[in-house]
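Contents: one structure, followed by commentary.
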Amino acid sequence: MTIEQQVRDAMIQVAEISDCQLVSEINNDTVLLQSGLDSLGFAMLVAQLEEDLGFDPFTQMAIAVYPSTFGDFVSIYQQYADQQQDGQ
């Protein structure tokens, strides 16, 4: 399963738990704040992804980055997943 699919699956799971309604189509250009998750939902999403993937890229960043789109969010996770595989 790709990182993107894991993020999508986690978003659906978190939306169900937090009783949020995701927008019907989430693509790379979807603005995160317009995806249907609220701030608590995003905190839950990051926690769920840490559990699923074994890392939280936002705590590992030297400089804080706040993604604005779904594509940016997935890209951050992909970058850190690649680093995990490379043993960095």
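Numbers for residues simply follow the sequence, beginning at 1. Because the structure is predicted, anything quoted here is derived from the model rather than measured.
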Is the shortest side-chain heavy-atom distance between [X] and [Y] below 4.5 Å?
{"X": "L32", "Y": "P67", "value": "yes"}
{"X": "M44", "Y": "I17", "value": "yes"}
{"X": "F42", "Y": "S35", "value": "yes"}
{"X": "R8", "Y": "F70", "value": "yes"}
{"X": "T69", "Y": "D29", "value": "no"}
{"X": "L22", "Y": "L37", "value": "yes"}

Next on the checklist: Other members of the hydrophobic cluster containing V31, with the 4.5 Å side-chain heavy-atom rule, please.
Outcome noted: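 Cluster partners of V31: L33.
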Item to check | Donor-acceptor contact below 3.5 Å, side chain S18 vs main chain V14 | outcome: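 At least one qualifying donor-acceptor pair exists.
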Checklist entry - Counting heavy atoms not belonging to D19, are there more than 12 under 6.0 Å from its CG? => result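 Not more than 12 within 6.0 Å, no.
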Next on the checklist: Can you confirm whether Q21 is buried at CD, in the sense that more than 12 heavy atoms of other residues, nucleotides or ligands lie under 6.0 Å from that atom?
Outcome noted: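 Open.
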Next on the checklist: Checking M11 against I26 for the side-chain contact (heavy atoms from CB on, under 4.5 Å) test, could you report, in this order, the C-alpha distance in whole Å, the side-chain angles of both residues, the deciding distance, and whether it holds?
Outcome noted: CA-CA 10 Å; M11 284 182 83; I26 295 178; 3.8 Å; yes
Item to check | Heavy-atom closest pair, residues G36 and C20 | outcome: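 Nearest pair, atom of G36 first, then C20: O-CB, 3.4 Å.
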Checklist entry - Taking all non-hydrogen atoms of both residues, which atom of N27 and which atom of T30 are closest, and how far apart? => result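 Looks like N-OG1, 2.8 Å.
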Would you be so kind as to tabulate the donor-acceptor pairs closer than 3.5 Å made by side chains of residues 45-64, with sequence neighbours excluded?
unit_1, atom_1, unit_2, atom_2, d
Q48, NE2, D52, OD1, 2.8
Q48, NE2, D52, OD2, 3.4
D56, OD1, F58, N, 2.9
T59, OG1, D56, O, 2.9

Checklist entry - Cut-off 3.5 Å, side chains only: do Q13 and D9 have a donor facing an acceptor? => result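 No, no side-chain donor-acceptor contact under 3.5 Å.
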